[in-house]
Amino acid sequence: MPAAQLADAVAEGRCVLFSGAGFSQNYGLPDWVRLVDQLTNKLATDNAIDNATRDLVLGWNNGVQGPGKAMTVLLTAAPRARVTAQLRAILVPGQNPNLTEVVRKLRLRGLVSTNYDRIADDIMHRQPFRIKNDLSTLKLVPTALGSQSFIWKLHGDIDDVHDPADPVVSNGGPFMVLCESDYAALLQGERRSALTQAMHSVLQEASVLFIGYRFGDPDVDWLLRFLNQYCSFQHDSYYVGLQGSELPPLPPRVTPLLELDSWSNLTDWLHRLIPT
């Protein structure tokens with residue numbers, strides 16, 4: 001049985017779910033490595049990159065450098081518009097009515113996702129507040145915490161196609177965080193301050209449940225570094241992972257629960273948290 005404190009937080013409506021790629025796999029979407037593989041091959045087929053670049057990116061993606069470095073190479077070689085167009089073609093989720101039903105019964109305070117797909121939009125109900133990584137909506141997080149529920153697309157939405165260097169983004173607009181330099185853009189100036197305040201608001205009010213991340217994922221690497229450096233967990237929180245997996249450096253008050261054989265068992269695991 002998951003930690004009793006976690007079950008209490010869910011029952012009392014003060015749990016916020018942070019979902020990564022492992023969560024989206026339950027809807028037929030790829031993890032980071034398979035996403036970069038598919039994206040690279042599609043761009044090569046579409047003549048957006050040459051075969052030498054394709055082989056280089058695939059080697060980096062499946063080697064020690066991992067998908068974060070591979071995406072940096074890919075975005076250097078291919079126009080961002082071509083990359084985002086192919087991402088939209090890949091990240092079309094299927095249906096998982098059982099997991100959707102379970103999530104809707106959990107009385108979540110909110111759902112924060114580092115995924116670009118539309119799964120969060122589809123599974124949360126009660127007309128939630130919708131927040132991305134733009135300045136205007138980041139400032140609404142304290143208000144959203146007082147609402148019935150909210151969705152926060154931390155790395156942007158699949159339709160946020162602008163490059164971080166674009167004036168729209170420079171003036172505070174949303175963008176997809178795709179590579180290492182994009183993470184840096186997310187943490188610059190006023191946007192970093194707004195992001196810090198938004199995260200601080202969540203951690204003051206709620207317990208966090210991390211699901212769908214693994215050691216080495218670029219999503220969770222930067223997020224945990226950011227939380228360790230700028231934020232403080234005020235409530236006991238939890239990192240759900242796969243049995244025997246290596247743990248990333250977790251902030252204080254975040255307890256690992258390495259209880260899943262695979263992400264396909266997530267529905268059954270979450271079902272045990274449904275308030276009675």
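By convention here, the first residue in the shown sequence is residue 1. Predicted model only: the values in this text are computed from it and were never measured.
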Would you give the length of the straight line joining atom NZ of Lys153 to atom OG of Ser113, rounded to the nearest 0.5 angstrom? 6.5 Å

Looking only at heavy atoms, the pair that brings Ser24 and Ile119 closest together is OG-CD1, 3.6 Å

Atom pair CG/OH of Leu178 and Tyr183 - distance to nearest 0.5 Å: 8.5 Å

Check the angle between the aromatic planes of Phe210 and Tyr239 and answer parallel, tilted or perpendicular using the 30° and 60° thresholds. tilted

Could you report the tightest heavy-atom contact between Pro128 and Ile151, atom names first, then the distance? CG-CD1, 3.7 Å

Audit row: Trp263, Leu242, side-chain contact (heavy atoms from CB on, under 4.5 Å) steps and yes/no: CA-CA 7 Å; Trp263 294 120; Leu242 303 180; 3.9 Å; yes

Minimum heavy-atom distance Ser201-Val141, with the two atoms named: CB-CG1, 4.3 Å

Is Glu259 salt-bridged to Arg272, cutoff N-O under 4.0 Å? yes

From Asn265 CG over to His271 NE2, what is the distance, rounded to the nearest 0.5 angstrom? 14.5 Å

Does Arg88 use its side chain to pair, donor to acceptor, with the backbone of Asp159 at less than 3.5 Å? no

Do any N or O atoms from the side chain of Asp117 and from the backbone of Leu91 form a donor-acceptor pair under 3.5 angstrom? no

Would you give the length of the straight line joining atom CD of Gln38 to atom CG of Leu35, rounded to the nearest 0.5 angstrom? 7.0 Å

Any carboxylate oxygen within less than 4.0 angstrom of a Lys/Arg side-chain nitrogen, looking at Arg118 and Asp157? yes

If you apply the rule side-chain hydrogen bond (donor to acceptor under 3.5 Å, both in side chains), what do you find for His155 with Asn115, and how did you get there? CA-CA 7 Å; His155 285 178; Asn115 303 324; over 6 Å; no

Heavy-atom donor-acceptor pair, Thr45 side chain to Asn41 backbone, under 3.5 Å: yes

Identify the heavy atoms of Arg34 and Leu29 that sit nearest to each other, and give their distance. NH2-O, 3.5 Å

Audit row: Phe18, Thr114, side-chain contact (heavy atoms from CB on, under 4.5 Å) steps and yes/no: CA-CA 8 Å; Phe18 276 57; Thr114 50; 6.0 Å; no

ring-ring contact (aromatic ring centres under 6.0 Å, His included) against Tyr230, all qualifying residues, sequence neighbours excluded: Phe226

Give the minimum heavy-atom separation between His235 and Gln204, together with the two atoms involved. NE2-O, 2.9 Å

How many angstroms lie between OG in Ser207 and CD in Gln234, if you round to the nearest 0.5 Å? 11.0 Å

Least distance between heavy atoms, Leu138 atom then Asn133 atom: CD1-O, 3.7 Å

Approximate separation, where rounding is to 0.5 Å, of Asp31 CG and Asp217 CG: 7.5 Å

Quick check: does any side chain N or O of Asn62 sit under 3.5 Å from a backbone N or O of Leu58, one acting as donor and the other as acceptor? yes

